Amino acid sequence: MVRKFWLMKSEPDVFSFQDLQKAKKQTTCWDGVRNYQARNFMRDEMKKGDLVLYYHSNTKPPHIAGVAEVVKESYPDHTQFDATSKYFDPKSTLEKPRWFMVDIKAVAEMKETLSLDTLKNEASLAEMKVVQRGQRLSVQPVTAAEFKRVLKIGRTTL
DNA sequence: GCCAACGTTGGC
DNA sequence: GCCAACGTTGGC
């Protein structure tokens, strides 16, 4: 099995990489994804041991903050069944859950965070989805080369 | 806070 | 199954 690489977006005001580091076992469930494409990546393709670039969106400047690892493969997102949750989905049932999530664990904080500007100015990263205009997907695949390059620019080793 | 880009919903 | 209306994302 080949390890794959991903980028996941989170608003630091909601749940930052530092929050993840402080969390129990430095692990969290990635609840609240309500986009089919992002769900499919989590449900079908993310495997234990895959590595994740943890991206802070909706902040100034937006940036890659750290690296995390998938520690639990997809299972139903419990918030879809919770009527008090803003992620509640009345069309979802226990028998046929619509939304899935994975657990990720903090691995390393970026020694130098990589701003979106930096990413955009990096020719070798021009193909990264996150630098492309209008790209809203909150879970997206990253190539091994891109992942490696990001770590190098961020002076970060695992 | 604005708004462009995109995804989803629902009437027809 | 089309597409207008609406809601959300997320950079700026």
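All values reported here derive from a predicted model rather than from experimental measurement.
Of the two residues contacting DNA chain B, namely A:Q37 and A:N58, the nearest-nucleotide position lying further toward the 5' end is that of A:N58. Of the two residues near DNA chain B, A:N35 and A:K91, the one whose nearest nucleotide lies more 5' is A:N35.
Under the 4.5 Å side-chain criterion, counting only non-hydrogen atoms from C-beta, A:Q140 is in contact with A:K9. No side-chain heavy atom of A:V70 sits under 4.5 Å from any side-chain heavy atom of A:K4.
Under 3.5 Å, the side chains of A:D19 and A:S16 contain a donor-acceptor pair of N or O atoms.
The main-chain N or O of A:L20 is never found under 3.5 Å from a side-chain atom of A:T28 such that the two would form a donor-acceptor pair.
Considering all non-hydrogen atoms of both residues, A:F41 and A:L137 come closest at CE1-CD2, 3.8 Å.
For DNA chain C, the span of nucleotides reached by chain A at under 4.0 Å from its heavy atoms goes, 5' to 3', from C:dG7 to C:dC12.
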